[in-house]
K.L.:
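Here you go, one structure.
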Amino acid sequence: MQWIAGAANSSLLIVTGLLQIPEVSTLIVGDPFCYRRVSQFGRLAIPPVCRKIKQHGKQVGIMTSVYATDSQLREDMNLLTYLQAEQLIDLVVIHDIGTLVECRARKIEAAILWDRYGFGRDFRLNEKALEVLKELGVTLVEIQHRAHCVLCQESGLESCCTVLGPDIATFGRVCYTEYLAKSVCQGRDCLERNPQVVLRSEETNNCFIPDGYRLLRSDAMIQPSPETITAINPDTALAWVYQPEQLRAAIFAHKSLTQQSVAADETLLGEE
Amino acid sequence: MSLPSKPPTIEIIAPLGTTCQLEAVYLSGAHAVYLGVKGHSSRPDEFAFSIDKAAVVVQQTKTFGVRAYLALNAEMREPSGQLMRTVLEQIDDLQADGLILGDLGCLALARELRLRTPIHVSSLLGVYNSATVRVLRDWGITRIVLPTTLYVHEIADITLQNPGMEFELIIQNGVCFQDSWRCGFHHRIREDGGFDVQCKHTYNLELDGAVINHGRLLWEPDIDCALLLPILLQLGVTHFKIEGRTRTSAQIIESVGRVKSALNYWQTLCNGGANFFYAHYLLHPSRLGLKEP
């Protein structure tokens, strides 16, 4: 199973740490909602980071906009076209039909991951949709269940499952950090997010934490157990982390389980 | 790029959640209704129609000269698509004025089946840019319901660069504060039949345990964008949806009435169709310096 990693808060500061993890084959940079979160220089900061990733022998993944309006799409495509020309791109994370089509039109030669933001609330996959996505150039699809994995295999697509990441309750076009603070973002204010700021429902006592354009259910990461991931058996594991140590721990846990399974199988074969 | 050769159809589309609302819709003067098909609509099945009942409604609306659009805009539940294929074929025979689809797989099936009924793309597919519109046009889609998360200038970017495509927008009642088709908040039907969503809860905003704000902080109040009608018309949005399949007949009549008043006022100002065209020409893409597709 391959490992793709990105910063849970889209910050570029974590890249150096992730580059040191040998199991990670691809690093994703960029933010699906706001490039101010990535860097004070926005998309301009991306190419140097991509060069650094390539120098370390790893592949580069670029995140595109969830709300790919005409102006955002132009910005995304300009970045992708430049990175393509500099041979600094290996994977594009897409969630919009127009972005897919534009990538094809501009001959962006990279693998394309259609991720969770490209599916509806219930995250349902179906054969016809996968057929269309494959026709439009998608090569990798984010999944949640074993059944999704099988569908992808039957459709000739690779499957990718999030094994570690923030517990996102919802998101929208309004930045919760700005809106709830009733102030205009001075640049990456959400990265200074205070985990002590919470929204608590009077009816249910459920809490949500504002994190830029997302609301998180808690500060804890969602992390399906290694057994669950093994059962799903995706081609690729996707991890969004705040610290490289979180990813190291997840990889270690998965490897331990894999080794245990192999040992158990060998024992069984020996007995037979 | 040439100007449209005939006045665009301006349409007010009322919601229909139960057959009891039919009379209200006719009285309101709406030009069209939209109704969900049980098991395939984004609203609960309590507010949707079986195919047989939908057939009855479609025939009744024809009698009254009102158009009927059938919503099958939920995500396809069955991965193989076999059930949806059968449903689409049955629905096509009803000869409704349009099918509203929101799932990529459903759209692909509709293309494959070469349905006679015009296909409209739901706001739940998420059309945010002109590139997507061009793909959908190639697929034979005749109308796009724009997401309510677009700002007016973003609507202009799409509509002015894609003349010939019909555009629709929710102009009255409920819209989502969060993302309308990917929000992860729980939605459930209460025992009294109402719709319970987490965004409607009252929230305390706490900082280090102290409450610094309080209220329905994650909820968008009902919108009333009737006054935006003239702007939207000039941008090429000509079909206006009133949200509310779960609403009462009285609410539907009032909502339609507000939009009709705004439309009548605008048409009076424009002295009818001729001046409407003049207003449209003033915003022709070439005048705005936009590149023709």
Side-chain angles (χ1 to χ4, degrees), chain A residues 65-74 77 95-102 105 116-133 135-136 147-148 151 168-174 176 179-180 182 194 196-204 206-208 210 215 217, chain B residues 42 74-81 84 102-109 112 124-136 147 149-151 153-154 157-158 161 176-185 187 198-209 211-214 217-218:
Chain A
S65 302
V66 165
Y67 295 106
T69 58
D70 277 316
S71 59
Q72 285 299 318
L73 184 52
R74 262 192 302 276
M77 292 317 305
H95 2 260
D96 174 80
I97 298 290
T99 310
L100 257 186
V101 169
E102 284 293 302
R116 63 177 51 207
Y117 293 116
F119 296 105
R121 173 179 305 135
D122 297 327
F123 209 137
R124 294 184 198 273
L125 272 66
N126 60 72
E127 286 176 13
K128 293 308 281 187
L130 291 180
E131 201 176 288
V132 171
L133 292 175
E135 266 175 38
L136 293 175
H148 288 171
L151 259 182
I168 302 169
T170 192
F171 60 91
R173 276 211 85 184
V174 173
Y176 293 101
Y179 160 64
L180 292 168
K182 294 186 181 174
N194 184 345
Q196 303 307 318
V197 173
V198 298
L199 280 163
R200 190 185 303 277
S201 164
E202 279 192 353
E203 281 88 339
T204 60
N206 284 343
C207 286
F208 299 104
L215 277 183
R217 284 199 182 86
Chain B
S42 61
E75 289 176 273
M76 208 193 304
R77 290 179 188 180
E78 180 227 3
S80 72
M84 180 55 77
D103 179 277
L104 204 57
C106 285
L107 285 171
L109 274 176
E112 198 177 295
L124 304 186
L125 189 77
V127 178
Y128 300 107
N129 52 66
S130 298
T132 306
V133 174
R134 287 192 288 272
V135 171
L136 295 173
T149 42
L150 288 174
Y151 293 99
H153 68 280
E154 292 165 343
D157 279 341
I158 295 173
Q161 293 192 62
C176 294
F177 186 81
Q178 277 65 237
D179 189 276
S180 58
W181 56 290
R182 292 165 290 194
C183 175
F185 276 168
H187 300 69
Q198 280 182 305
C199 55
K200 279 191 175 175
H201 293 180
T202 305
Y203 285 90
N204 290 321
L205 180 63
E206 297 175 4
L207 173 60
D208 295 332
V211 176
I212 58 174
N213 201 348
H214 167 87
L217 301 176
L218 299 177

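All chains are named by letter (A, B, ...) in the order of the sequence lines, taking the proteins before the strands, and each is independently numbered beginning at 1. Here the structure is a predicted model, which means the values were calculated and not measured.
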K.L.:
Could you pull out the closest heavy-atom pair between B/Glu75 and A/Arg124, with the gap in Å?
P.N.:
OE2-N, 3.1 Å

K.L.:
Between B/Gly126 and A/Asp96, what is the shortest heavy-atom contact and its length?
P.N.:
O-OD1, 4.1 Å

K.L.:
Please state whether the side chain, the backbone, both or neither of B/His153 comes within less than 4.5 Å of a heavy atom of chain A.
P.N.:
neither

K.L.:
Can you find a pair of side-chain heavy atoms, one from A/Lys128 and one from B/Met84, that are under 4.5 Å apart?
P.N.:
no

K.L.:
Top residue by heavy-atom pair count (under 4.5 Å) with chain A, among B/Leu107, B/Thr149, B/Leu109, B/Leu125?
P.N.:
B/Thr149

K.L.:
Working to the nearest 0.5 angstrom, can you tell me the gap between A/Leu136 CG and B/Leu104 CG?
P.N.:
7.5 Å

K.L.:
If I compare all heavy atoms of A/Val101 with all of B/Val135, which pair ends up nearest, and what's the gap?
P.N.:
CG2-CG2, 3.2 Å

K.L.:
List the atom of A/Leu151, the atom of B/Pro79, and the distance in Å for their closest heavy-atom pair.
P.N.:
CD1-CB, 3.8 Å

K.L.:
Would B/Leu150 and A/Thr69 satisfy side chain to side chain contact (heavy atoms under 4.5 Å, CB included), going step by step from the backbone distance to the final call?
P.N.:
CA-CA 8 Å; B/Leu150 288 174; A/Thr69 58; 4.0 Å; yes

K.L.:
What is the minimum heavy-atom distance between A/Tyr179 and B/Leu217, and which atoms define it?
P.N.:
OH-O, 2.6 Å

K.L.:
Start with the C-alpha gap between A/Val174 and B/Gln178, add the side-chain angles, then the distance that decides, and say whether side chain to side chain contact (heavy atoms under 4.5 Å, CB included) holds.
P.N.:
CA-CA 8 Å; A/Val174 173; B/Gln178 277 65 237; over 6 Å; no

K.L.:
Looking only at atom types and distance, does a side-chain atom of B/Arg182 sit under 3.5 Å from a main-chain N or O of A/Tyr117, one as donor and one as acceptor?
P.N.:
yes

K.L.:
What about A/Phe208 and B/Phe185, are their ring centers closer than 6.0 Å?
P.N.:
yes

K.L.:
Quick test of your reading of the model: are B/Glu154 and A/Arg173 salt-bridged, counting only N-O distances below 4.0 Å?
P.N.:
yes

K.L.:
Rounded to the nearest 0.5 Å, how far apart are CH2 of B/Trp181 and CZ of A/Arg121?
P.N.:
11.0 Å

K.L.:
Determine, stepwise, if the pair B/Glu78 / A/Asn126 fulfils side chain to side chain contact (heavy atoms under 4.5 Å, CB included).
P.N.:
CA-CA 7 Å; B/Glu78 180 227 3; A/Asn126 60 72; over 6 Å; no

K.L.:
State, with a plain yes or no, whether a side-chain heavy atom of A/Leu215 is found less than 4.5 Å away from one of B/Leu218.
P.N.:
yes

K.L.:
Could you tell me whether a side-chain N or O of A/Thr170 sits under 3.5 Å from a main-chain N or O of B/Cys183, the two making a donor and an acceptor?
P.N.:
no

K.L.:
Kindly compute the distance separating CG (B/Asn129) from CD (A/Glu102), expressed to the nearest 0.5 Å.
P.N.:
7.5 Å

K.L.:
May I ask you to name which of B/Thr202, B/Leu205, B/Val211 has the most heavy-atom pairs under 4.5 Å with chain A?
P.N.:
B/Thr202

K.L.:
To the nearest 0.5 angstrom, please state how far the CD1 atom of A/Ile97 sits from the CG atom of B/Leu136.
P.N.:
7.5 Å

K.L.:
I need the B/Met76 CE to A/Leu125 CG distance, nearest 0.5 Å.
P.N.:
11.0 Å

K.L.:
Does the side chain of A/Thr204 reach to within under 4.5 Å of the side chain of B/His201, using non-hydrogen atoms?
P.N.:
yes

K.L.:
Decide side chain to side chain contact (heavy atoms under 4.5 Å, CB included) for A/Tyr67 and B/Asp179; before the verdict, give the C-alpha distance in whole Å, the side-chain angles of both, and the deciding distance to 0.1 Å.
P.N.:
CA-CA 10 Å; A/Tyr67 295 106; B/Asp179 189 276; 2.4 Å; yes

K.L.:
Looking only at side chains, do B/Ser130 and A/Asp70 share a donor and an acceptor under 3.5 Å apart?
P.N.:
yes

K.L.:
What part of B/Asn204 gets closer than 4.5 Å to chain A, counting heavy atoms only: side chain, backbone, both or neither?
P.N.:
both

K.L.:
To check you understand the geometry: which heavy-atom pair defines the closest contact between A/Leu73 and B/Ala131, and what is its length?
P.N.:
CD2-CB, 4.1 Å

K.L.:
So that I can tick it off, tell me whether B/Lys200 and A/Glu203 are bridged by a salt bridge, with the cut-off set at under 4.0 angstrom between side-chain N and carboxylate O.
P.N.:
no

K.L.:
If you tally heavy-atom pairs under 4.5 Å against chain B, which of A/Gly172, A/Gly118, A/Cys207, A/Gly98 wins?
P.N.:
A/Gly98

K.L.:
When rounded to the nearest 0.5 angstrom, what is the spacing between OH in B/Tyr128 and OG in A/Ser71?
P.N.:
13.5 Å

